[in-house]
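Proteins come first, then strands; the chains are lettered A, B, ... in the order of their sequence lines, and each starts at number 1.
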Amino acid sequence: MICGQKKEMIAMLLAGGQGSRLGILTQDVAKPAVPFGGKYRIIDFPLSNCTNSGIDTIGVLTQYRPLELNAHIGSGQPWDLDRLYGGVFILPPYMGGKGGEWYSGTANAIYQNMNFIDLYNPQYVLILSGDHVYKMNYDLMLDFHKHKNADCTIAVIKVPWEEASRFGVMNADEDSRIFEFEEKPQEPKSNLASMGVYIFRWKKLKEYLIKDEEDENSDNDFGKNLIPQMLKACEKLYAYEFKGYWKDVGTIASLWEANMDILDPNVPIELDDPPWRIYSRSSNMPPQYIGENAVLSNSSIADGCNVEGKVENSILFPGVTVGKDAVVSNSILMPGVSVSEDALIEYAIVAENARICKSARVGEWKKPEIGKQHREITVIGGSVTIGERAVVPAGTTIDESIIEEVGE
Amino acid sequence: MICGQKKEMIAMLLAGGQGSRLGILTQDVAKPAVPFGGKYRIIDFPLSNCTNSGIDTIGVLTQYRPLELNAHIGSGQPWDLDRLYGGVFILPPYMGGKGGEWYSGTANAIYQNMNFIDLYNPQYVLILSGDHVYKMNYDLMLDFHKHKNADCTIAVIKVPWEEASRFGVMNADEDSRIFEFEEKPQEPKSNLASMGVYIFRWKKLKEYLIKDEEDENSDNDFGKNLIPQMLKACEKLYAYEFKGYWKDVGTIASLWEANMDILDPNVPIELDDPPWRIYSRSSNMPPQYIGENAVLSNSSIADGCNVEGKVENSILFPGVTVGKDAVVSNSILMPGVSVSEDALIEYAIVAENARICKSARVGEWKKPEIGKQHREITVIGGSVTIGERAVVPAGTTIDESIIEEVGE
Amino acid sequence: MSILGIVFSYSERENLRELTRLRTIASLPMAGKYRIIDFLISNFVNDGIYDIAVIARDNYHSLMDHLGAGMEWDLIRKRGGLRVLTPYAKSESGRDGLYRGSVEALSNNMHSFRRSMGDLVIMAEASILYSIDFNHLAKTHLNSNADITAVYTKQLNGHPTVPMGVAVMHFNENNRLYDLNINKDDMSAQDVCWSIGVFVIKKSLLMSLVADAMAFGKYDFLEDIIKRLSNRLDIQGYEYKGHLLEVSSVAGYMKANMNFLNANFRNRAFHRPIYTKSKDSVPARYCKGCCVKNSIISDGCRIEGTVINSVISRNVFIGKDSIVKNSVIMQNTEIMQGVSLDNVILDKDVIVRENRQLSGHETYPVVVEKASII
Amino acid sequence: MSILGIVFSYSERENLRELTRLRTIASLPMAGKYRIIDFLISNFVNDGIYDIAVIARDNYHSLMDHLGAGMEWDLIRKRGGLRVLTPYAKSESGRDGLYRGSVEALSNNMHSFRRSMGDLVIMAEASILYSIDFNHLAKTHLNSNADITAVYTKQLNGHPTVPMGVAVMHFNENNRLYDLNINKDDMSAQDVCWSIGVFVIKKSLLMSLVADAMAFGKYDFLEDIIKRLSNRLDIQGYEYKGHLLEVSSVAGYMKANMNFLNANFRNRAFHRPIYTKSKDSVPARYCKGCCVKNSIISDGCRIEGTVINSVISRNVFIGKDSIVKNSVIMQNTEIMQGVSLDNVILDKDVIVRENRQLSGHETYPVVVEKASII
């Protein structure tokens with residue numbers, strides 16, 4: 001191990017979740033590895049935020065199908081995180097002297113990796129999760145944390161009052177000091193929702209992690225256990241309000257919406273932002289080719305695509321092909337999807353390497369259109385084949401190939 | 001994931017073992033991460049062998065305290081294994097859809113990572129273990145494997161007949177085809193011991209891994225289950241005889257001996273071998289300083305050491321200090337050990353960062369000397385302090401600090 | 001047998017006008033997001049050759065910026081890897097440091113070749129694009145026991161004539177080279193064997209041939225080694241039959257880019273990955289009202305107007321009501337509204353203001369210099 | 001405030017005889033396994049400055065071999081990282097390409113500095129070893145609102161005189177520089193402020209000062225910018241009080257190495273890690289019958305003989321019955337049996353045959369050139 005100076009703050013990124021609400025999209029990959037925004041994966045956002053905020057040491061806690069995530073992160077080079085001292089590390093559960101233990105909760109995952117954190121002897125630890133899309137300068141949050149001399153600072157964002165009851169809500173005084181935390185309250189007293197981004201003084205966090213671990217009734221979760229315990233003990237917890245775009249992409253609907261937000265010039269999530277780039281691993285594909293008969297509108301298309309048909313309001317990831325006379329609208333086509341001639345795809349998420357054959361119809365909508373928000377999203381699983389002329393009705397989820405023509 | 005051509009052969013390195021026979025030396029680290037030979041760790045040998053044999057893709061299967069191993073391997077750069085496509089990957093157990101499973105045996109560990117292997121679609125898979133010291137060209141073994149058109153080739157080494165019963169013994173015909181495999185036979189029919197190095201045709205291995213996994217009575221172990229199954233089915237298994245230095249360093253005694261072998265010019269394990277370098281992560285320490293009163297003889301001393309006393313027949317890892325009038329003989333001092341003035345260390349292995357205080361005596365031998373091979377090895381655990389004038393008798397294992405003076 | 005690749009990043013016979021005023025031919029953009037040298041270096045890497053020396057002569061800053069440490073080509077290696085070799089300012093001859101020929105360029109970098117572990121050298125130049133199996137070439141060389149293997153082609157790639165300035169090579173019935181001449185006419189004969197600049201030779205032989213030639217004041221590899229010594233050395237031919245692009249004139253450069261609009265050509269050129277510098281750009285964005293036909297578009301572009309039969313590099317903006325036709329647009333270019341371009345090559349960092357019109361001809365495209373504002 | 005480090009890898013005032021015939025001063029071995037430049041670059045990296053341009057002039061091959069892509073210094077970075085800037089062979093002035101002075105060296109590399117994200121520049125030269133807190137220096141500069149901060153020292157490091165050729169700087173009561181002169185005498189006065197070659201300046205100001213000076217045909221940074229403009233520019237002094245080694249003569253080089261035998265000096269020099277190229281050597285091997293006293297030994301050495309008061313670099317073999325005293329032995333050297341060396345500097349790759357004896361004096365060590373066989 002190379003010795004070096006201590007790090008002021010290191011980040012621990014909780015990437016362990018299966019993300020079961022994303023259904024077949026996370027059948028083979030961990031949620032943070034789900035493709036997003038035309039060339040990224042969800043985890044690129046917190047990783048790039050770290051790099052752009054000057055944080056160069058990150059532990060990624062993962063236990064669910066880490067193969068793609070491992071391959072994606074690799075040495076960390078795309079995020080400039082291949083460091084001699086520090087960098088990005090995948091931290092899976094491991095066996096100690098007394099056998100192994102899976103991560104039982106977010107706090108337990110950190111608890112099991114206290115040794116890793118102590119290697120860098122940081123003053124502060126930043127806890128992140130791997131399932132949100134946002135651009136945030138954690139360094140400014142650290143300034144706030146230091147300024148308040150806080151034990152813990154929790155990033156919060158104003159959400160519409162009617163949605164507040166879906167979140168963990170912070171009740172803070174005018175100095176931003178948190179006096180109460182309510183997990184999914186029926187009648188929220190505030191609309192400041194926790195973003196799942198915490199800065200702790202490491203010594204303090206360690207103390208509470210050890211206490212929490214001793215408590216047999218604890219679920220070892222930050223929101224449910226650790227934060228309430230700290231509040232009970234009158235530790236200094238502050239709320240840091242983040243003003244910007246932030247979206248949990250934990251459901252099919254929100255994943256689809258967040259992708260569409262990129263195409264909407266009125267939504268403040270500009271990815272083409274050189275001072276705050278979102279880095280990702282390059283696909284090494286040739287540039288896209290747009291054919292003689294292609295018709296494109298309001299779409300984002302990545303390297304390696306080959307478009308001969310019509311694409312509107314859609315996001316095409318690297319290596320997607322869209323054949324002649326095919327129509328793709330309001331859809332997300334993940335890497336390697338092929339859409340053959342004359343096929344139709346509407347309001348759909350099509351996962352990696354799926355094949356939509358000639359004249360198939362995905363997301364076909366029989367009911368009269370009532371409005372975009374009511375249209376249900378169709379999901380086609382990875383490597384699934386939708387056969388010629390097969391019809392996949394709107395709102396269905398297909399995780400096995402359909403070779404025969406399917407009626408309704 | 002970057003796409004690339006298929007790899008002819010990739011290696012899977014079984015580094016999961018706790019190595020409990022190494023006692024306190026593996027209390028905090030996995031066995032393959034145990035320091036060896038003055039600047040290496042055991043795993044440097046198979047990793048360097050791979051690099052030198054032209055194998056650039058290696059999965060390291062680990063589940064026991066992987067922190068040091070992770071930090072040691074990092075991006076794989078020291079072994080030239082930081083590749084865009086391929087390279088070295090740590091493969092911990094993970095949770096799938098139905099919950100997680102620890103590796104239950106060597107074959108199960110490979111079984112759980114069949115996806116990883118399939119990513120590279122290799123023709124051959126090389127199975128290695130992380131607890132042997134040897135220099136071997138796996139490419140020559142692959143030539144043999146191809147030449148024999150084998151399903152599996154097992155590297156074997158001639159051991160003295162009287163020791164053969166401690167090993168898995170191969171009984172092969174004159175064409176080297178194996179017709180029988182005996183695990184630790186009472187009356188061995190051959191002295192060709194398995195080195196735990198296998199080359200399989202990947203398709204064949206996959207078939208047997210799946211079969212083995214279905215067998216509820218199996219221990220999912222290569223030696224105990226998979227190889228016998230293949231023999232029973234009359235698959236083509238060949239023995240490839242390796243002629244060279246090979247040592248299992250799974251016990252305190254063998255670890256000590258293998259280290260001493262480096263100092264013995266008559267033992268054919270030359271580490272200073274530019275065409276077949278053993279690579280390791282650099283310690284980034286200043287060069288060693290040898291003081292005015294130092295006396296050195298037949299020893300290997302690494303960067304960052306500071307020697308003022310007497311060192312003979314010993315191996316000093318990076319950052320060891322030996323004070324004035326101290327005597328270190330026939331011992332192995334792991335990284336960061338400090339030996340104060342007038343201390344004595346004989347026939348000992350002192351683990352990382354242990355402190356031997358002034359005038360302490362480690363490995364003191366009261367009985368009349370009968371011969372080197374009967375001298376028992378004393379082991380001092382990592383970060384243990386042996387207090388001033390404390391005496392640690394030969395053959396003891398100390399894993400807690402001794403502050404007081406200890407008599408007998 | 002370990003191979004060292006030596007790449008000449010410059011060409012003595014090119015006439016690329018403004019395009020190479022500030023850069024060497026190897027770093028000329030190609031096919032949208034690539035530089036010419038990417039194809040050659042990826043070819044080496046895809047064939048498992050990870051020990052590559054690039055000889056730079058002058059104007060190499062853009063080349064060095066592009067290659068960096070070689071990360072994207074997987075060429076940051078402990079053993080081998082990528083080296084860009086720049087000439088010493090203070091040459092022994094006391095001249096201004098521009099090599100007097102390819103032999104001197106090799107001679108000045110011998111210290112680096114010597115340290116390479118490769119014992120077989122494949123020499124190549126960056127001004128011709130192809131995709132060759134270097135391993136097969138090396139094996140053929142070794143099996144033939146030739147001193148040198150010279151790669152030629154009979155392809156004209158749609159050109160009516162053999163490119164000016166290339167070496168035309170003549171082989172006898174045993175496939176041994178007996179003569180060589182530089183093409184100075186519009187030679188249009190079928191079945192002319194012309195060199196694609198690739199030679200295979202043992203490193204030790206190359207070193208002694210170069211040392212000898214230098215001692216005699218002979219500086220040109222083709223003339224003074226290949227041609228002059230063809231009676232002494234066994235120089236065997238190796239025919240390359242794959243796809244090919246020769247880039248030594250502006251029209252040739254334009255045509256080379258346009259070739260990538262052909263699906264067959266593209267499939268052949270990209271059947272193995274071609275690596276290039278990563279720019280971390282966003283995917284291309286097509287706005288409402290845009291119209292794109294038969295074009296290559298790179299990441300980071302934002303297209304509001306019309307693009308037809310063109311090759312567009314990274315981070316290009318094409319405004320509303322603009323029409324870009326039959327053109328090559330390099331990176332970081334901004335084309336405002338109402339612009340019309342036809343048969344134009346825009347170098348990087350160019351700004352074309354509202355309603356400007358530029359048009360050239362296929363045989364003589366308009367070239368707009370780097371960082372111009374029009 | 002993001003910082004760009006600019007390092008001059010050569011020195012115009014050094015007189016190191018054979019030691020710099022084939023290498024630039026920055027790549028001279030030091031303290032066994034290091035090169036001089038390792039100390040400076042590690043200093044930058046330890047202070048979190050990862051954007052470093054090294055200006056090379058001539059004889060830079062060993063420097064480039066040593067630095068490679070910057071891996072060992074953690075300087076392969078997407079943003080910033082290490083660049084070694086070599087001069088164009090074809091300079092605009094049409095001369096032989098050796099910079100006419102430090103201003104021209106800066107001017108010729110402006111294209112690279114411009115692309116750096118750093119807006120504050122710390123300039124340093126590789127011929128003096130020190131360990132300074134660059135962050136504190138930068139903060140002091142910013143707080144002082146000075147145009148330039150010049151780092152000086154009053155230390156003589158045991159030398160009786162201020163080193164020849166360094167700039168002696170004069171500050172008024174407000175710590176503002178009002179004059180500068182190059183030390184040409186044996187100036188031995190106490191409290192002389194002499195420059196360690198470190199200056200802090202905004203990048204934009206540096207660029208305009210360099211452009212102005214070039215326009216007037218002024219090429220020396222010290223004379224033509226610092227001294228000439230000291231009335232116009234607010235140039236503040238910053239005193240460095242730490243340990244220091246100045247290496248511009250052979251005796252000074254010897255003395256610098258010997259300093260590392262002192263425990264106090266070693267502890268100060270290595271209190272933060274110093275990075276260097278990894279050689280993957282085995283640990284040093286001490287054979288039966290060897291005798292080593294007060295010496296630095298590097299990895300890869302094999303010692304069978306006697307070593308006293310010496311600094312031994314990597315992969316050195318010292319045979320039986322040989323005695324090496326008060327000497328500096330560079331890497332890959334082989335000293336056979338019965339040799340006696342005293343006050344000798346052996347350059348790398350030297351072979352000393354059986355029973356040879358060489359001896360110099362502290363004030364005039366014998367220097368044996370690279371790859372000699374004695």
Side chain / backbone / both / neither for A:Leu316 at chain C, heavy atoms under 4.5 Å: neither
Contact origin within A:Ser280 toward chain C - heavy atom pairs under 4.5 Å: backbone
Check ion pair C:Glu362-C:Lys255 (N to O, under 4.0 angstrom): no
Top of C:Cys291, C:Ser295, C:Ser298 for chain A proximity - count of heavy-atom pairs under 4.5 angstrom: C:Ser295
Region of C:Ile296 that comes under 4.5 Å of a non-hydrogen atom in chain A: both
Any donor-acceptor pair under 3.5 Å from A:Ser48 side chain to A:Phe45 backbone: no
Residues A:Asp273 and A:Lys135 bridged, charged N to O under 4.0 Å: yes
Heavy-atom donor-acceptor pair, C:Thr276 side chain to C:Asp38 backbone, under 3.5 Å: no
NZ/NE/NH1/NH2 to OD/OE distance under 4.0 Å, C:Asp65 and C:Lys277: no
Carboxylate-amine/guanidinium contact A:Asp261 A:Lys247, below 4.0 Å: yes
Toward chain A, the part of C:Arg302 with a non-hydrogen atom under 4.5 Å: neither
Selection from A:Ala302, A:Ser297, A:Pro265, A:Pro287 maximising heavy-atom pairs under 4.5 Å formed with chain C: A:Pro287
Chain A contact via C:Ser281 - which portion, at a heavy-atom distance below 4.5 Å: backbone
Cationic N near anionic O, under 4.0 Å, A:Asp131 to A:Lys31: yes
A:Glu308 portion near chain C, given a 4.5 angstrom heavy-atom threshold: neither
Centroid-centroid under 6.0 Å between C:Tyr50 and C:Trp73 rings: no
Atom group of C:Tyr286 that falls short of 4.5 Å from chain A, counting heavy atoms: both
Choice from C:Arg314, C:Glu72, C:Lys288, C:Arg266 maximising heavy atom contacts with chain A below 4.5 Å: C:Arg266
Most contacts with chain A, counted as non-hydrogen pairs under 4.5 angstrom, among C:Met71, C:Arg285, C:Lys279: C:Arg285
Heavy-atom contact with chain A under 4.5 Å, split by part of C:Leu261: both
Residue part contacting chain C, namely of A:Phe317, when any heavy atom lies under 4.5 Å: neither
Under 4.5 Å from any heavy atom of chain A - which part of C:Cys287: backbone
Any donor-acceptor pair under 3.5 Å from C:Ser327 side chain to C:Ile345 backbone: no
A:Asp44 versus chain C, the contacting section by heavy-atom distance below 4.5 Å: neither
Contacting region of C:Ala31 [heavy-atom separation from chain A under 4.5 Å]: backbone
Option that, when pairs with chain A are counted at under 4.5 Å, heavy atom only, ranks first among C:Cys290, C:Ala269, C:Pro283, C:Gly289: C:Pro283
Face-on cation placement of A:Arg41 at A:Phe36 ring, 6.0 Å and 45° thresholds: no
Winner by heavy-atom pair count (cut-off under 4.5 Å) against chain A, out of C:Ile297, C:Val311, C:Ile303, C:Val292: C:Ile297
A:Asp303 with C:Lys33: basic N within carboxylate O range, under 4.0 Å: yes
